[in-house]
Amino acid sequence: MGQYYLNTRVFCDYATPDNHTAFEFHMELPTPYEDFRKAQEWLEDGKWEAAGDYLTERYSQHGALINIWLSGSRSRSSGEDEKRKLAA
């Protein structure tokens, strides 16, 4: 996709009774290779705040979206989002 390029994908799941459709929005945020393992460890260890601090410091213009994404990811990781997943 490339650095800083925004990408939109639309899909339809024909295997669902109601043909579940959705839009997905993606954006790559380049990260120095030397920081990759550190960020990966934060996410693996559930240190969402550390990951959020790092990302919002580097990409302050996207801070609100980063925090929304991390909040949703934290919920999914802890199983809090299981009800919504089963309802979809």
Side-chain angles (χ1 to χ4, degrees):
M1 183 168 57
Q3 296 181 356
Y4 294 107
Y5 284 98
L6 303 177
N7 186 38
T8 304
R9 183 177 91 152
V10 181
F11 69 89
C12 180
D13 183 354
Y14 294 101
T16 59
D18 60 351
N19 290 335
H20 173 76
T21 57
F23 283 88
E24 289 183 345
F25 300 95
H26 302 272
M27 180 174 53
E28 291 182 5
L29 299 174
T31 303
Y33 182 76
E34 55 273 9
D35 291 351
F36 177 74
R37 185 64 193 143
K38 180 173 33 178
Q40 195 174 33
E41 287 174 1
W42 290 328
L43 296 174
E44 287 173 358
D45 294 340
K47 296 179 180 174
W48 300 97
E49 189 173 318
D53 290 347
Y54 169 82
L55 289 169
T56 55
E57 183 178 319
R58 286 187 61 84
Y59 304 103
S60 58
Q61 71 273 30
H62 302 300
L65 291 173
I66 290 167
N67 288 321
I68 290 168
W69 174 80
L70 287 174
S71 175
S73 296
R74 180 184 322 171
S75 293
R76 287 180 48 229
S77 174
S78 67
E80 294 174 24
D81 200 39
E82 191 64 26
K83 258 187 175 173
R84 187 179 323 163
K85 180 178 145 190
L86 292 174

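Model, not experiment: these values are computed from the prediction.
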**Q.** Test salt bridge (Lys or Arg N to Asp or Glu O under 4.0 Å) applied to R9 - qualifying residues, sequence neighbours left out
**A.** E24
Q: Please list, chain by chain and in numerical order, all residues satisfying side-chain contact (heavy atoms from CB on, under 4.5 Å) with A22, sequence neighbours excluded.
A: F11, H20
Q. How long is the span from the CG atom in D53 to the CG atom in L70, to the nearest 0.5 Å?
A. 9.5 Å
Q | Set of salt bridge (Lys or Arg N to Asp or Glu O under 4.0 Å) partners for K38, sequence neighbours left out | A | D35
Q: Linking directly or through intermediates, with side-chain heavy atoms under 4.5 Å: list the remaining ILVMFWY members grouped with F23, chain and number order.
A: V10, F25
Q.
Under the rule for side-chain contact (heavy atoms from CB on, under 4.5 Å), what residues qualify as partners of S60, not counting sequence neighbours?
A. none
Q) More than 12 foreign heavy atoms under 6.0 Å from CD of E57: is that the case here? A) no
Q: Please list, chain by chain and in numerical order, all residues satisfying side-chain contact (heavy atoms from CB on, under 4.5 Å) with Y14, sequence neighbours excluded.
A: C12, N19
(Q) Could you see if L29 belongs to whatever hydrophobic cluster contains L65? Use Ile, Leu, Val, Met, Phe, Trp, Tyr and a side-chain cutoff under 4.5 Å. (A) no
Q) Out of curiosity, H62 NE2 to T56 OG1, how far, rounded to the nearest 0.5 Å? A) 12.0 Å
(Q) Rounded at 0.5 Å granularity, tell me how far CG in N67 sits from CG in L55. (A) 9.0 Å
Q: Please list, chain by chain and in numerical order, all residues satisfying salt bridge (Lys or Arg N to Asp or Glu O under 4.0 Å) with E34, sequence neighbours excluded.
A: none
Q.
Using the side-chain contact (heavy atoms from CB on, under 4.5 Å) criterion, which residues pair with S77? Sequence neighbours excluded.
A. W48
(Q) Could you work out, with salt bridge (Lys or Arg N to Asp or Glu O under 4.0 Å) as the rule, every residue matching E49, not counting sequence neighbours? (A) none
Q) Can you name the ring pair (Phe, Tyr, Trp, His ring centres under 6.0 Å) partners of W42, sequence neighbours left out? A) Y54
